[in-house]
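As structure tokens, the structure follows; a few thoughts come after it.
Please read all numbers here as calculations on a predicted model, not as lab measurements. Quick note: numbers below take in every heavy atom, side chains included, and nothing from hydrogens, waters or symmetry partners.
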Amino acid sequence: MTITRDCSSSSSFDGKLTDGKLTATATRRHRVNLYPQPAENNLSLHHPTIPIDVWPTPEAYHTMAALSEAEAEIVRNHPIGRSTLDYIMASFEEAIHRNPAEYPAMLRSSISSEEARASTFQFILRLATPNTARHLPSRLRGQNLQSDLIDLGRLEDLRRVDISSMALLVAQVANRASDADIWSAAYNLFPATPPTTPMRSVTTTVPDTPFRDSSGAVHNTEELREHMDEVIKNELRDHIYLDLPDFFDAFFNSVDGLQSLATAVFAECRQKGFYSQERWSSFPESCQESSIIAWFGDEVQRIADLASAEESARTVTLKSRYVLSRPRNSLEGSTAKQTLDIGFAIRKDPYNVEATSSNRWSDVLVPGELKSNKKNDSSFNTWCDLARYVREVYAAQDSRRFSYGFTLCGDMLRVWKFDRGAAYAALPFSVNQDGQRFVAVILGFLLMGEEELGYDSTISSNGDHRYISVVRDGIEERYRIEKMIHRQPSIIGRGTTCWKATLGGSEKTFVVKDSWQYEGRADEGPLLAECTPSRYVAPYHYSETVRIGEMDDDLCRNVRKMSVASGVKWKRRGLLSTTAFSSGASSNSSSLHKRVASTTLQNTAQKRSRLNTERESGNERESGNERESGNERESGNDSAPNRSDANRFHKRIIMSRYGKPLNLAKTKVGLLRGLIDGISGHEHLLENGVLHRDISIGNVLISEDESEGFLIDLDHAIRVDRAENSGAPGRTGTKIFMSIGLLQSDNQRESHSFMDDLESMFWVLFWICTHYAGPNTKQICRSIFEGWNYISPSNLGMYKRGLISDEVYFLRTARDNFTEFYKPLVSVVNELRKVVFPGDKRWKNTSRAQYNDMKQVLLEAISKVSED
């Protein structure tokens, strides 16, 4: 018999016997049974006919290991999705179309076929992509099920795959079985060694790498919430400080007359009956989102009106701010489709309310997150939800240095501040029990100036133009911003922003770059000045530390005005996520810290005393029915090199040359020429004793006419001994472009060699060819490699090693995944692979000849590549 499945026809399953053949038609969107008896029946996906003498019998389904209760809960919380199942199964369907005659060897006991092993490898790796695999625990003492699947997916391990288990898994995916059945079958690939104690998705205490990913390092993805939540949790988890006692004094008292105005307005609220019996009269009993939104908006407007009556000079400012809420519809300018629970926004015309209401992230001044239960005030998930909004504010507002935010959980309000080093918050308080403080917070947000809200006062507007001001040799220069080139939307990190600019209305173009650099780090400006002029490196023009309010702009003195260590540092105790980055926090809210925080400033001393007593005694506290043993919050000093209380300075560097990122090349020749010159630029830096250490798409530029390329961004560069300049201790870079050796190294002092950067050049080319559609477009194509952004560095290194270790598999993967425009470069990239990975293995020895070898491959390709 032959089973024929036509994915373009009926949405139901119809089986009939015709001339000894069973024909079945179904769409992919519905579960169908593709495995009727007898076992010698044949399977065909789409049209090819494939014998399936090894496909599972019905009895085989009874051998699947059952999911534990904890595993089943993870599966329910993280559904795979039908489109993802199609994507996973496509790895087989594509192979069947290419070589149906050879495919039966795929599931035979030896799996001797290279073609079959490659397809199976792709299937397993695609199965490791869904978020579920990152949350499900390992049954092999590994990090998680994702890492187990990637380990199994290595070509050298497939010979040990249990064929019946593999057949069962493929059957479950092909049939679009339930998620529980699919993951049970996935576990079936491994020895049945169920844990003796309940497993958790968070199992280790030591990160597998000393560097940390951030939301700014994500490239070419749809930024789905299920992925980005994990990224943001990982980014924040070591950078949160709570209950800063001097928060309001440090930040709100900068508003002239705020306390006296708040006292007067609150007295009016009492007198008019808006506030009575220690609560706001209109505060909703249910605390449902819609009710709180309506109450909050009305109360803010009432407070603004009363304040305007008290001090008419502030009327314009008060009317220019309003409450914005879009909990159901995303705001314009999102990095992804992102809604906003509530927040404060600015009106361009204070007197035209209807015409100036905003639906843009660029107009959000202070974002807020709502929860109906006051216990959520102390939930890590709540804080990360607010952080997602802050990330959108950073992405949409290129002059934003920091951002305030607030959470309102039930009637518990907590005010936050996010800068490039940490997220820190005041003590929470009840808006009902402390009505005057609520009025002061609202008026503070309504009256703060732009600089107080975090805007860069050296960036100004004049009509339709914006300008950046610097003082060079004692003379002010104003650079007119022509466009923003790059904005890193990370919450924690350098926050790099680049603009194309012109000086004094001239036609000469410059690139102005702002970033937040750790104190004591070598300045990029002097490094760049030492290495230029060179046609292969962006020429240095000027650099400075930005000054705001007559002070050097830094975190500790100018932004924070206080020590965040005066608060309580939140830390997860003894747990480290094994999800997307292996060091990120779990999204399973049941394991998060659940404590109702103190509601008044007066409780600070009592709370800290109690917290210290509990730490000393080792006791666990309980809140309701939830134990607090999962997390701890510890007071401030952190000895880690990337500690969140470390200082950063706001640096600005101006380069007298403009270029566009390599991925925007209009021609294949332009791309190759830009890469050649980028390699030459790296060699030039090394000859001048500088190692770049952060090769990525945005750091290799090409001129607008695509005649030449050059290297930029020495943020991570270091000086190396000219006599021994083959490497430098420490690892850094953009994860998806990092070398296999750095990704997989367990040694924090692993030497970062110039060879690592040259390998990154290869991955930059590979990434562009798999994600960009071609000339004159910024269109980004979906790719199976999008998951590289979310898997752990060690697993990514393993994936890359498998990809480059077999030429047949690499060529097939490239042909299948290069965009149509870049398919002619498949053979070129493969030739470059042979140079970068001699013998289909990661390089072991360093050689300066690698520069010329790589450039020679690319130069030869230029003469052969057609631009048709």
Side-chain angles (χ1 to χ4, degrees), residues 5 7 11 26-35 45 56 61 64-94 119-139 143-150 152-153 165-190 199 201 221-231 336-337 577-580 584 586-588 782-792 795 799:
R5 178 172 169 228
C7 293
S11 63
T27 65
R28 292 185 184 182
R29 295 187 299 274
H30 298 270
R31 180 177 177 177
V32 297
N33 181 9
L34 299 177
Y35 306 103
L45 298 177
Y61 288 81
M64 288 194 302
L67 297 177
S68 69
E69 183 177 340
E71 292 164 349
E73 179 68 18
I74 291 171
V75 169
R76 285 192 293 270
N77 290 337
H78 300 87
I80 302 176
R82 293 305 178 196
S83 61
T84 302
L85 288 176
D86 289 345
Y87 162 71
I88 294 170
M89 198 61 206
S91 57
F92 281 127
E93 296 172 355
E94 293 161 2
S119 297
T120 308
F121 174 52
Q122 189 176 54
F123 176 88
I124 293 174
L125 288 175
R126 288 187 180 190
L127 184 65
T129 301
N131 204 29
T132 326
R134 297 197 292 271
H135 288 277
L136 285 170
S138 168
R139 294 185 178 178
Q143 293 179 348
N144 49 25
L145 180 58
Q146 181 191 62
S147 66
D148 292 345
L149 288 169
I150 292 176
L152 184 64
S165 297
M166 186 67 203
L168 179 59
L169 175 59
V170 174
Q172 297 289 52
V173 175
N175 277 335
R176 308 306 189 260
S178 69
D179 285 10
D181 286 345
I182 289 173
W183 293 116
S184 293
Y187 274 124
N188 234 40
L189 294 176
F190 307 102
M199 294 288 289
S201 63
T221 81
E222 294 182 303
E223 295 199 3
L224 299 178
R225 171 104 186 240
E226 65 179 277
H227 295 149
M228 292 308 299
D229 279 359
E230 291 301 308
V231 177
K337 292 182 178 180
S577 173
T578 57
T579 59
S586 170
S587 65
N588 185 355
R782 289 203 63 184
S783 166
I784 64 171
F785 306 105
E786 181 179 327
W788 287 12
N789 287 288
Y790 308 115
I791 61 178
S792 70
N795 283 346
Y799 190 113

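Of all heavy-atom pairs spanning Glu71 and Ala66, the tightest one is OE1-O, 4.4 Å. Across all their heavy atoms, Tyr187 and Pro137 have their closest contact at OH-O, 2.7 Å. For the pair His78 and His135, the tightest heavy-atom approach, listed with the atom from each and the gap, is NE2-NE2, 3.3 Å.
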Show your working on side chain to side chain contact (heavy atoms under 4.5 Å, CB included) between Val75 and Ile182 and close with a plain yes or no. CA-CA 10 Å; Val75 169; Ile182 289 173; over 6 Å; no
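Distance check, rounded to the nearest 0.5 Å: CZ of Arg176 to CD1 of Ile80 gives 10.5 Å. To the nearest 0.5 Å, the span separating CG on Leu189 from CZ on Arg139 amounts to 11.5 Å.
Remark: side-chain polar atoms of Asn77 are not paired, donor with acceptor, to backbone N or O of Ile74 under 3.5 angstrom.
Using cut-offs of 30° and 60° on the angle between ring planes, the pair Tyr799 and Trp788 is perpendicular.
Residues Thr132 and Asp179 fail the side-chain proximity criterion, which asks for heavy atoms closer than 4.5 Å.
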